[in-house]
*Asks:* 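I have a structure here, written as structure tokens, and I will follow up with some questions on it.
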Number of protein chains: 2
Amino acid sequence: MVHKDIPQRSHCPVNYALEAVGDRWSLIVMRDILLNGKFRFRDLMGAEENIASNILSERLTRLASLGIIKKIRDPDDGRQFVYLATAKGEALMGVVLELGSWGAEFDPKTDAPPGTPDNYRADRSAIITGALEAYHAMKPRFSNKQE
Amino acid sequence: MVHKDIPQRSHCPVNYALEAVGDRWSLIVMRDILLNGKFRFRDLMGAEENIASNILSERLTRLASLGIIKKIRDPDDGRQFVYLATAKGEALMGVVLELGSWGAEFDPKTDAPPGTPDNYRADRSAIITGALEAYHAMKPRFSNKQE
DNA sequence: TTTTTAACTTGCATTTCACAAGTAAACTAT
DNA sequence: ATAGTTTACTTGTGAAATGCAAGTTAAAAA
């Protein structure tokens with residue numbers, strides 16, 4: 001199933017984005033894929049925010065159906081799947097970093113190192129590009145892709 | 001009531017941001033305040049996404065309790081209130097524009113003019129600054145603030 | 001061939017959401 | 001002064017989403 005017929009509330013681009021990833025978990029999943037090197041179900045389950053397995057399962061299916069991630073069977077272990085960002089998913093890097101910058105600025109107990117928001121604002125595009133390069137460097141590659 | 005004791009899932013800055021505004025409506029409200037000149041309850045109700053009045057009411061209360069917006073009584077009409085972004089709320093401009101850029105790029109039916117994502121990526125900080133200037137120019141000013 | 005591991009799925013209680021209707025205070029018109 | 005209107009909510013109710021625990025299936029490891 002590639003298309004779900006969910007009626008859209010509007011065609012405002014902000015609304016489109018929020019309908020796609022504007023829930024409590026989708027961008028946590030994208031953060032873990034894009035930034036934290038978590039590509040498998042059990043890795044994503046291990047997020048400190050404690051997502052429930054049924055919710056994670058549904059979100060992965062949904063993100064794949066929206067073309068934001070793709071599910072690839074691990075050729076070395078048929079039990080495992082790897083979830084990777086598509087181009088559409090990689091384009092969420094800016095959203096994730098912008099949210100992180102905002103959170104780092106306003107959470108008094110933030111885990112982010114001091115100066116994070118200043119660094120980010122000093123050159124957003126360079127930091128986004130750098131983060132995408134780091135993602136490409138660590139994402140797993142398989143010779144033959146499936147599913 | 002200024003503080004609600006909601007236990008935080010983590011102190012990851014992305015998670016902080018998502019706990020604050022990671023629902024389907026909070027950033028729609030911030031979009032309308034920051035970008036669309038909607039400052040009153042009835043203006044915000046008029047969003048084409050059709051938010052329910054009880055949800056809007058709860059979100060406004062919540063955003064105010066998080067220090068993202070402030071509620072000001074209109075001195076010219078005691079029935080009305082004006083909702084304005086605080087510095088913390090204004091700092092969400094980048095998040096809203098980044099989401100909008102992503103939505104404009106990937107929604108085939110987007111209302112955004114062509115070239116929007118390219119323009120945004122060409123100089124994110126300049127566009128954010130310009131949008132904040134436009135916000136300041138149109139936000140209502142009262143001599144005496146209350147509530 | 002038995003056990004373990006990975007990725008889900010199911011059932012169920014709780015919470016949140018959406019829609020419709022109702023209310024109270026402030027303003028406007030007569 | 002009073003009746004009607006406007007604004008900003010609040011309340012009630014059913015539907016949907018969420019969270020937790022336990023169960024299932026297929027593949028790999030022992």
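Per chain, numbering begins at 1; letters A, B, ... match sequence-line order. Side chains included, hydrogens not; waters and symmetry mates left out as well; all remaining heavy atoms used. On a predicted model such as this, the values are computed, not experimentally measured, just so you know.
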*Asks:* How many whole angstroms separate atom CD1 of B/Ile51 from atom C1' of C/dA20?
*Replies:* 16 Å
*Asks:* Rounded to the Å, how far apart are A/Glu49 CD and D/dC20 P?
*Replies:* 13 Å
*Asks:* Given that A/Asp76 and A/Arg59 both sit by DNA chain D, which one's nearest nucleotide is further toward the 5' end?
*Replies:* A/Arg59
*Asks:* Kindly write out the residues that satisfy side-chain hydrogen bond (donor to acceptor under 3.5 Å, both in side chains) with A/Gln80, not counting sequence neighbours, or none if the list is empty.
*Replies:* A/Arg40, A/Arg42, A/Asp77
*Asks:* Check whether any side-chain N or O of A/Trp25 sits under 4.0 Å from OP1 or OP2 of D/dA17, and answer yes or no.
*Replies:* no
*Asks:* What salt bridge (charged side-chain N to carboxylate O under 4.0 Å, His left out) pairs are there with at least one residue in residues 25-39 of chain B, not counting sequence neighbours?
*Replies:* B/Arg31-B/Glu49
*Asks:* Taking atom P of D/dT18 as reference, at what distance in whole Å does atom CD of A/Glu58 sit?
*Replies:* 7 Å
*Asks:* Looking at every non-hydrogen atom in both residues, tell me the closest pair between B/Asp118 and B/Arg121 and how far apart they are.
*Replies:* OD1-NH2, 2.9 Å
*Asks:* CG of B/Leu56 versus P of D/dC9: gap in Å, rounded?
*Replies:* 8 Å
*Asks:* Considering residues at least two apart in sequence or located in another chain, which fulfil the side-chain contact (heavy atoms from CB on, under 4.5 Å) criterion with B/Ala20?
*Replies:* A/Trp102, B/Leu66, B/Ile68
*Asks:* Ignoring hydrogens and geometry beyond distance, is a side-chain donor-acceptor pair present between A/Glu58 and A/Asn54 at under 3.5 Å?
*Replies:* no
*Asks:* Mind checking salt bridge (Lys or Arg N to Asp or Glu O under 4.0 Å) for B/Glu90 and listing every partner two or more places apart, or none if nothing turns up?
*Replies:* none
*Asks:* Would one find a side-chain N or O of B/Arg24 under 4.0 angstrom from OP1 or OP2 of D/dA17?
*Replies:* no
*Asks:* What string of B, S and - do you get for nucleotides 5-14 of chain C, 5' to 3', when a contact is any protein heavy atom under 4.0 Å?
*Replies:* BSSBBBB---
*Asks:* Atom CD of B/Glu19 and atom C1' of D/dT18: how far apart are they, to the nearest Å?
*Replies:* 15 Å
*Asks:* Rounded to the nearest Å, what distance is computed from the CG atom of residue B/Leu44 to the C1' atom of nucleotide D/dA8?
*Replies:* 12 Å
*Asks:* List in chain and number order the residues that pass side-chain contact (heavy atoms from CB on, under 4.5 Å) with A/Met138, two or more places apart in sequence or in another chain; answer none if no residue qualifies.
*Replies:* A/Phe39
*Asks:* Without decimals, in angstroms, what is the distance between B/Arg73 CZ and D/dT7 P?
*Replies:* 15 Å
*Asks:* Between C/dC17 atom P and A/Asp23 atom CG, what is the distance in whole Å?
*Replies:* 12 Å
